[in-house]
Amino acid sequence: MKRLLVLLAMCLSCSTAAAIPIQYNATLSGDTPAYGQVSALEVVNGTWLAEYFRFYTDGAQQVSITGTRLESTYDMAFWVLSGEFEDTNEFGLLFDMSDASFVSFHDDEIAHAGPFGDPQFIGVLAPGWYTVAVTNFASTGHGGRDWMFDFMLNAGGLVSPAPTVNIVPEPAGLSLLGAALVGLVLARRKRKA
């Protein structure tokens with residue numbers, strides 16, 4: 001029994017150790033393009049390496065996300081996932097279509113001369129935050145650049161800037177504040193008398 005528990009603990013620690021923390025490069029808006037750089041196709045700890053961007057939509061209009069590769073040898077692709085994430089354990093290891101957060105995959109929607117096209121998403125999404133995971137679909141390294149590829153993302157139809165959290169006082173908090181004010185007024189009157 002002890003061996004089984006030790007083995008289970010080892011498996012759980014291995015799966016947690018495989019998680020890659022997510023750092024968002026930028027929050028997409030309709031105002032400015034976002035730029036990034038991605039390495040040659042690589043899978044680390046069972047997770048496809050990607051560069052992450054986020055955006056917010058209020059669900060009222062059509063959203064478009066267009067990727068533009070800045071090098072002809074780069075095969076740019078991206079996934080759209082619902083939500084924001086801390087690490088790669090929060091969604092499938094390879095952006096799996098069976099995950100609840102999976103929205104869509106995009107590659108070669110815009111044709112170009114040469115071997116690869118550019119990805120583009122167009123659609124209406126439910127209100128909320130979304131993640132764009134930009135990857136390298138099939139290109140390999142090329143000389144002099146350490147196998148890195150530059151790209152640009154343009155977004156349209158997004159809420160810009162994204163909404164901030166408004167703190168709304170709870171009724172109990174308002175009651176407490178009111179009671180404190182009444183107490184101060186009564187204490188002042190008592191002092192005068």
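Count residues from 1 along the sequence.
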Chemist: Heavy atoms only: give me the nearest S72-F116 pair and the separation to one decimal.
Modeler: O-CD1, 3.8 Å
Chemist: Whether the side chain of E71 engages the backbone of F149 through a donor-acceptor N/O pair (distance < 3.5 Å, no angle test) should be reported.
Modeler: no
Chemist: Under the side chain to side chain contact (heavy atoms under 4.5 Å, CB included) rule, collect the residues that match up with P33, sequence neighbours excluded.
Modeler: Y35, M152, N154
Chemist: Suppose we screen for side chain to side chain contact (heavy atoms under 4.5 Å, CB included). Which residues come up paired with S82, at least two apart in sequence or across chains?
Modeler: S101, V103, Y130
Chemist: Can you measure from CG (L70) to CD (Q37) and round to the nearest 0.5 angstrom?
Modeler: 10.0 Å
Chemist: Looking at side-chain heavy atoms only, is the closest gap between Y52 and T88 below 4.5 Å?
Modeler: yes
Chemist: Kindly say whether the aromatic ring centers of F137 and F105 come within a distance under 6.0 Å.
Modeler: yes
Chemist: Main chain of G117, side chain of D108: is a donor-acceptor contact present, judged purely on distance under 3.5 Å?
Modeler: yes
Chemist: Run the side-chain hydrogen bond (donor to acceptor under 3.5 Å, both in side chains) test against S64 and tell me which residues pass, sequence neighbours left out.
Modeler: none
Chemist: How long is the span from the CZ atom in F85 to the CD1 atom in I22, to the nearest 0.5 Å?
Modeler: 7.0 Å
Chemist: Would you check if the side chain of T131 reaches a backbone N or O of G83 as a donor-acceptor pair within less than 3.5 Å?
Modeler: yes
Chemist: Please evaluate residues Q62 and I122 with respect to the criterion side chain to side chain contact (heavy atoms under 4.5 Å, CB included), reporting the C-alpha separation (whole Å), side-chain torsions for both, the decisive distance (0.1 Å), and the verdict.
Modeler: CA-CA 7 Å; Q62 182 171 282; I122 298 174; 3.2 Å; yes
Chemist: Describe, in one word, how the ring planes of Y74 and F151 are oriented to each other, choosing from parallel (under 30°), tilted (30 to 60°) and perpendicular (over 60°).
Modeler: tilted
Chemist: Looking at side-chain heavy atoms only, is the closest gap between L153 and M76 below 4.5 Å?
Modeler: yes
Chemist: List for me each residue that meets side chain to side chain contact (heavy atoms under 4.5 Å, CB included) alongside I110, sequence neighbours excluded, and say none if there are none.
Modeler: T66, H112, D118, Q120
Chemist: Please give me the minimum heavy-atom distance between A50 and T135, naming the atom from each residue.
Modeler: CB-CG2, 3.6 Å
Chemist: Under a 3.5 Å cutoff, is there a donor and acceptor pairing between the side chains of R54 and T27?
Modeler: yes
Chemist: So V124 and Q61, do their side chains get closer than 4.5 Å, heavy atoms only?
Modeler: no
Chemist: Suppose we screen for side chain to side chain contact (heavy atoms under 4.5 Å, CB included). Which residues come up paired with A155, at least two apart in sequence or across chains?
Modeler: L28, I65, L158
Chemist: Have S29 and Y56 got a donor and an acceptor in their side chains that come within less than 3.5 Å?
Modeler: no
Chemist: Listed by chain and number, what are the side-chain hydrogen bond (donor to acceptor under 3.5 Å, both in side chains) partners of N25, not counting sequence neighbours?
Modeler: E51
Chemist: Kindly give the heavy-atom pair with the smallest separation between A34 and F53, and that separation in Å.
Modeler: CB-CE2, 3.8 Å
Chemist: As an exercise, state the distance from CH2 of W79 to NE2 of H106, rounded to the nearest 0.5 Å.
Modeler: 10.5 Å
